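Let me begin by presenting the structure, written as structure tokens, before commenting on it.
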Amino acid sequence: MRASSFRRAHILLLAGALAVPAGAQAAPRSHKARSAKAAPTGVSVDYSVNLAGIPIGNAQLTGAFEGARYRMDVSAVLTGLVGAVTGGQGSARSSGGISGGNAAPLPNSFAIATRTSNSGIAVRMALANGNVTQAEITPPLLDTGDRVPVTAAAKRGVIDPASALMMPARARAELTDPENCNRTLPVFDGATRFNVVLSYGETRQVEKPGYSGPVLVCNARYVAIAGHRPDRPGVKFMEENRDMSVWLAPVEGTRVLVPMRISVRTTLGTNIIEATRWTQTGGPTGTAKGSEAQPTATVADASLTQP
């Protein structure tokens with residue numbers, strides 16, 4: 001399978017990772033102190049997916065946080081004419097811990113499966129202390145000979161794309177402190193290693209079903225590290241792209257932010273993934289907050305198991 005096909009199939013779930021936070025993040029020390037008795041807290045966010053102003057699909061993110069542990073589930077499906085033509089759909093899962101010591105999530109497993117009308121791709125990874133211990137792509141990518149090798153060093157100190165959708169706040173900082181934007185995220189998706197460099201843009205007030213309050217607007221840049229084909233026009237376009245951003249909203253009762261909106265300019269127009277509903281659950285009473293909980297959408301033939 002060609003690398004371009006791999007990237008197209010993963011656009012459902014990884015386009016956001018080009019402008020999404022996770023790598024150098026934080027959770028306060030107080031998390032450790034209360035982790036044993038912390039009530040589980042969850043958030044579910046429904047998104048619309050638009051390309052060049054045209055609705056092309058929908059997605060959902062579900063995060064579960066209990067003390068210093070987390071799990072992230074993401075699903076997406078293309079709809080309308082685009083969905084009818086491509087059949088694009090996918091889902092991903094990541095789980096691990098939130099480390100206050102090095103201000104980063106520490107995933108221990110990641111899996112993603114995507115499917116189009118004529119192909120499917122699955123990736124499974126196991127990690128320990130930010131280092132990839134095992135990774136498998138099915139079917140394997142073809143060796144084109146011009147790809148930058150992914151060395152063992154490139155697979156150390158990384159996070160997966162699903163964990164990159166969860167951003168623990170920096171220690172002692174307020175959730176909407178601008179410093180929560182200023183960080184570099186080291187992402188490895190099983191085939192390519194890249195950095196997402198975030199910087200603070202502004203703070204906005206947002207009104208969405210289930211959420212009303214401030215969001216951080218972080219600008220983003222893509223830096224290819226390994227696994228890519230440096231002479232490909234798409235890679236050069238993304239490295240020169242200055243039109244990427246993510247809006248981060250705090251999850252009540254946690255020290256975590258998740259995306260409210262992701263915007264990435266592509267060669268076909270701007271891809272915008274924007275929240276349409278925000279639902280929070282858990283806390284002391286275990287009840288839903290913000291808006292009535294909605295059932296999680298499933299993606300056919302894309303269920304994932306942990307490595």
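Values in this document were obtained by computation on a predicted structure and should not be read as measured data. One is the number of the first residue; the rest follow in order along the sequence. Hydrogens, waters and symmetry mates are skipped; everything else that's a heavy atom, side chains included, is used.
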N-O pairing of Asp73 and Arg71 below 4.0 Å: yes
Side chain proximity check, Thr184 to Val196, heavy atoms < 4.5 angstrom: no
Distance in Å, Asp243 CG paired with Arg221 CZ, rounded so as to fall on 0.5 Å steps: 13.5 Å
Audit row: Phe188, Asp160, side-chain contact (heavy atoms from CB on, under 4.5 Å) steps and yes/no: CA-CA 5 Å; Phe188 181 62; Asp160 63 84; over 6 Å; no
Any Leu51 side-chain heavy atom under 4.5 Å of Thr266 side chain: yes
Sub-4.5 Å side-chain heavy-atom contact between Pro186 and Phe194: no
Sidechain-backbone polar pair: Arg242 side chain, Glu240 backbone, donor-acceptor under 3.5 Å: yes
Heavy-atom side-chain contact between Val158 and Val132 under 4.5 Å: yes
Verdict with reasoning, Lys208 to Glu274, per salt bridge (Lys or Arg N to Asp or Glu O under 4.0 Å): CA-CA 10 Å; Lys208 295 286 183 182; Glu274 186 161 10; 3.1 Å; yes
Shortest non-hydrogen separation from Pro259 to Val246 and the atoms involved: CB-CG2, 4.0 Å
Student check: side-chain heavy atoms of Trp278 and Val43 closer than 4.5 Å: yes
Flag for Ser95-Ser109: side-chain donor and acceptor within less than 3.5 Å: yes
Met125-Ile137 co-clustered via ILVMFWY side chain contacts under 4.5 Å: yes
Donor-acceptor contact present, side-chain Arg69 to main-chain Ala64, <3.5 Å: no
Hphob cluster co-occupancy, Val206 + Ile273, side-chain heavy atoms under 4.5 angstrom: yes
Minimum heavy-atom distance between Ser163 and Ser94, given as atom pair plus value: OG-OG, 2.7 Å
Side chain to side chain, Ser48 and Asn58, heavy atoms closer than 4.5 Å: no
Glu239 side chain vs Ala224 backbone, donor-acceptor pair below 3.5 Å: yes
Separation of Ile56 CD1 from Thr79 OG1 (nearest 0.5 Å): 8.0 Å
Backbone of Tyr200 reached by a side-chain donor or acceptor of Asn182 within 3.5 Å: yes
side-chain hydrogen bond (donor to acceptor under 3.5 Å, both in side chains) between Ser44 and Thr279, worked out: CA-CA 5 Å; Ser44 179; Thr279 304; 5.5 Å; no
Exercise: identify the closest heavy-atom pair between Gly227 and Thr192: O-CG2, 3.5 Å
Reported OG1-to-CE distance for the pair Thr62 and Met72, which is rounded to 0.5 angstrom: 8.5 Å
4.5 Å side-chain heavy-atom contact, Tyr70 and Pro168: no
Asn129 atom CG, over 12 foreign heavy atoms within 6.0 Å: no
Pair Ile225-Val148, side-chain contact (heavy atoms from CB on, under 4.5 Å): steps then yes or no: CA-CA 8 Å; Ile225 303 296; Val148 176; over 6 Å; no
Rounded distance [0.5 Å steps], CE in Met260 versus CG in Leu216: 11.5 Å
Donor-acceptor pair between Ser212 and Glu207 side chains, under 3.5 angstrom: yes
Candidate list Val150, Thr133, Leu127, test side chain to side chain contact (heavy atoms under 4.5 Å, CB included), partner Lys155, passing option: Val150
Exam field: side chain Thr254 to backbone Val251, donor-acceptor pair closer than 3.5 Å: yes
Whether over 12 other heavy atoms sit under 6.0 Å from Glu174 CD: no
Donor-acceptor pair, side chain of Asp189 and main chain of Ala191, under 3.5 angstrom: yes
Donor-acceptor contact below 3.5 Å, side chain Asn241 vs main chain Arg265: yes
Heavy-atom pair with the smallest gap, counting every atom of Cys181 and Leu198: O-CB, 2.9 Å
Asn180 (side chain) donor-acceptor with Arg170 (main chain) under 3.5 angstrom: yes
From CA spacing to verdict: side-chain contact (heavy atoms from CB on, under 4.5 Å), Thr114, Gln89: CA-CA 6 Å; Thr114 60; Gln89 54 190 303; over 6 Å; no
CA sep, side-chain torsions, deciding dist, call: Val187, Asn195, side-chain contact (heavy atoms from CB on, under 4.5 Å): CA-CA 6 Å; Val187 182; Asn195 284 344; over 6 Å; no
Test item: Arg232 and Phe237 side chains (from C-beta on) under 4.5 Å apart, heavy atoms: no
Polar side-chain atom of Arg193 near backbone of Ala154 as donor-acceptor pair, under 3.5 Å: yes
Charged N-O contact under 4.0 Å between Arg204 and Glu202: yes
Considering all heavy atoms, the nearest Gly190-Val123 contact: CA-CG1, 4.0 Å
Same cluster (ILVMFWY, side-chain, under 4.5 Å), Ile272 and Val217: no
Minimum-distance pair of heavy atoms, taken over all atoms of Ile121 and Pro139: CA-CD, 4.4 Å
Val223 reachable from Met238 in the ILVMFWY side-chain graph, under 4.5 Å edges: no
